[in-house]
Protein chains: 2
Amino acid sequence: MPRTGLSPEDARRRAVEIALARIREHGFVKLRLAEVARDMGVSHAALYAHFRDKAALLDAVTESWLCEARARTASICAGSAPAAERIEQWFVARYRIKSARAQSDPEIFYGFNEATAGERPVIRDHMRHLREELTALVAEAGLGGRDEAEMLEEAMSAFLHPELIGPGPRPEREAALRRLVRVVLAGLAAEPGPRR
Amino acid sequence: MPRTGLSPEDARRRAVEIALARIREHGFVKLRLAEVARDMGVSHAALYAHFRDKAALLDAVTESWLCEARARTASICAGSAPAAERIEQWFVARYRIKSARAQSDPEIFYGFNEATAGERPVIRDHMRHLREELTALVAEAGLGGRDEAEMLEEAMSAFLHPELIGPGPRPEREAALRRLVRVVLAGLAAEPGPRR
DNA sequence: CCAATTACAAAATTAGAAAAATGTAATCAA
DNA sequence: TTGATTACATTTTTCTAATTTTGTAATTGG
């Protein structure tokens with residue numbers, strides 16, 4: 001049978017592209033493998049050569065989606081500003097990315113957080129990655145370790161949790177977020193007891 | 001037609017009782033006015049003499065549900081401990097009530113927060129009430145006013161928002177909550193600038 | 001070999017009729 | 001007068017059959 005002429009990697013990439021475009025237009029739940037396949041010019045069964053199942057394709061979409069976010073927070077971690085300042089920037093970056101997406105691609109953003117909620121490994125890995133970045137920043141700031149990073153993350157839930165974030169970015173929210181980060185950091189610095 | 005012999009107030013109370021019991025057993029979404037009416041020994045249409053519509057009955061259930069919570073936080077506000085300590089107690093009390101209910105009556109707890117989410121006046125009033133209590137406590141502690149109370153409330157979302165709270169109460173969560181409250185209060189105290 | 005295909009089984013979704021529940025009106029009796 | 005009734009219109013939910021979609025197997029051709 002006629003090959004597509006695409007390498008396996010390119011075929012995967014193309015499928016993810018097409019899926020993402022379709023999700024943007026028609027929403028997450030209405031994605032049909034047959035449509036993705038048609039747009040690629042193959043039969044729907046051909047997709048199963050590249051993805052174990054539909055969930056695997058969706059995971060690949062998710063991954064591409066998370067990739068940009070990862071790049072942005074990573075560049076902040078690698079910055080040269082004082083650690084406390086980078087923590088603030090780090091949260092602001094996350095807020096901007098997520099709220100902007102909640103605004104521009106609500107279908108994808110909320111779809112995600114319902115359909116693929118928490119328990120998917122791709123998401124868990126991403127969350128673990130974020131936690132590690134924050135833990136490093138907190139340690140660099142001399143304000144603690146894993147526990148303190150977790151506390152900070154929890155304190156910022158109202159600004160970052162998908163249920164609570166709302167479309168944006170909105171300057172007032174961003175200002176409130178910055179203030180809360182500074183307050184929590186100041187509070188941590190003022191805590192009695194040893195610091196690693 | 002034969003009267004029930006109940007005063008309007010008693011009839012309302014009884015309807016709320018029965019509705020609450022049925023919701024406990026079969027969940028929020030499956031509540032049927034006809035069943036409530038049958039348990040009261042009247043026709044379903046009779047309920048409309050006491051409640052504008054089904055939503056109004058549900059609101060009355062909600063109100064009875066919120067009543068105990070209100071009493072508990074109020075008694076803490078009226079306490080004699082230092083304001084900062086009462087703020088901690090106040091949040092712990094809210095955590096205990098909500099998490100216990102998420103544990104014991106998940107049907108009601110989550111049903112609520114899906115079915116009647118946010119926009120019902122009963123809920124909004126309750127939230128406003130809580131905000132006022134917290135604002136007063138924050139002011140008493142000399143840590144600010146409305147804005148600072150809102151910041152504190154947002155900081156505690158991870159422990160109190162229905163999406164995030166989870167069943168409980170769990171001692172580790174309670175400890176983390178206490179620590180975060182103290183950290184935020186310390187951070188507020190350390191903030192530069194005037195305080196009302 | 002291996003990325004495709006077709007054909008098909010199993011699972012999930014949709015559609016639309018049937019049933020049930022909500023809400024209203026006219027009326028009744030304590 | 002008012003809290004109730006019955007009867008009925010409207011809206012919502014439920015159920016089931018038809019259809020679509022997903023996933024598998026056997027097969028093919030570059």
Side-chain angles (χ1 to χ4, degrees), chain A residues 1-23 25-62 107 111 114-117 120, chain B residues 1-23 25-62 107 110-112 114-117 119-120 122:
Chain A
M1 286 292 153
R3 301 303 181 85
T4 55
L6 294 172
S7 72
E9 299 75 38
D10 282 344
R12 275 183 68 93
R13 237 191 306 280
R14 183 105 190 79
V16 169
E17 260 174 42
I18 290 168
L20 196 52
R22 293 205 75 91
I23 291 169
E25 244 189 299
H26 303 102
F28 213 85
V29 294
K30 287 195 181 167
L31 183 73
R32 301 286 172 254
L33 291 188
E35 297 176 339
V36 176
R38 181 168 40 67
D39 287 9
M40 287 181 76
V42 298
S43 70
H44 87 273
L47 286 172
Y48 286 84
H50 302 291
F51 302 93
R52 185 190 331 287
D53 55 16
K54 189 181 182 179
L57 170 58
L58 260 27
D59 281 348
V61 172
T62 304
E107 282 295 354
E114 280 163 44
T116 77
R120 284 259 119 199
Chain B
M1 285 292 152
R3 302 302 181 87
T4 56
L6 295 172
S7 73
E9 299 75 38
D10 282 344
R12 277 183 68 92
R13 238 191 305 280
R14 183 106 190 81
V16 169
E17 261 173 41
I18 289 169
L20 197 52
R22 294 205 74 92
I23 291 168
E25 243 190 300
H26 303 102
F28 213 86
V29 294
K30 287 193 180 168
L31 184 73
R32 301 289 170 251
L33 290 188
E35 297 176 339
V36 176
R38 182 168 39 67
D39 287 9
M40 287 181 75
V42 297
S43 71
H44 85 274
L47 286 171
Y48 288 83
H50 300 291
F51 302 94
R52 185 190 327 291
D53 54 17
K54 190 181 183 179
L57 169 58
L58 261 27
D59 281 349
V61 173
T62 304
E107 283 296 353
Y110 295 108
F112 246 42
E114 280 163 43
T116 76
E119 69 289 334
R120 284 260 119 201
V122 213

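Just so you know, these numbers come straight off a predicted model, no measurement behind them. Chain identifiers are assigned alphabetically (A, B, ...) following the order of the sequence lines, protein sequences preceding nucleic acid strands; residue numbering begins at 1 within each chain.
- Atom-to-atom, NZ of B:Lys54 to P of C:dG23 comes out at 7 Å; the value is rounded to the nearest Å.
- Atoms CZ (B:Arg12) and P (D:dA4) sit 13 Å apart, rounded to a whole Å.
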Quiz item: Going through the checks in order, is the side-chain contact (heavy atoms from CB on, under 4.5 Å) test met by B:Arg120 and B:Thr62?
Solution: CA-CA 10 Å; B:Arg120 284 260 119 201; B:Thr62 304; over 6 Å; no
Practice problem: Show your working on side-chain contact (heavy atoms from CB on, under 4.5 Å) between B:Arg32 and B:Lys54 and close with a plain yes or no. | Solution: CA-CA 9 Å; B:Arg32 301 289 170 251; B:Lys54 190 181 183 179; 4.2 Å; yes
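- For A:Glu9 and C:dC2, the CD to C1' distance is 14 Å, given to the nearest whole Å.
- Taking 4.5 Å as the limit, some side-chain heavy atom of B:Leu58 sits within range of a side-chain heavy atom of B:Leu31.
- The stretch residues 36-53 of chain B comes close to DNA chain C through B:His44, B:Ala45, B:Tyr48, B:Asp53, each having a heavy atom under 4.0 Å from the strand.
- Put simply, the side chain of B:Arg14 reaches to within 4.5 Å of the side chain of B:Glu17, judged on heavy atoms.
- Atoms CG and CZ, on A:Leu57 and A:Arg52 in that order, are 13.0 Å from each other to the nearest 0.5 Å.
- With sequence neighbours excluded, no residue forms a salt bridge (charged side-chain N to carboxylate O under 4.0 Å, His left out) with B:Arg12.
- With respect to A:Ile23, the side chain to side chain contact (heavy atoms under 4.5 Å, CB included) criterion is satisfied by exactly one of A:Val36, A:Ile18, A:Val61: A:Val61.
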Report all interatomic pairs (protein N or O, nucleotide N or O of nucleotides 11-15 of chain D) with separations under 3.5 Å.
none

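- We find that CG of A:Leu31 is positioned 18 Å from P of D:dT20, with the value rounded to whole Å.
- Rounded to whole angstrom, the span from the CG atom of B:Leu58 across to the C1' atom of C:dA21 amounts to 14 Å.
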Practice problem: Would you sort out whether A:Tyr48 and A:Leu33 count as a side-chain contact (heavy atoms from CB on, under 4.5 Å), showing the intermediate values? | Solution: CA-CA 10 Å; A:Tyr48 286 84; A:Leu33 291 188; 3.3 Å; yes
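- At whole-Å resolution of the value, CG in B:Asp10 and C1' in D:dT2 are 16 Å apart.
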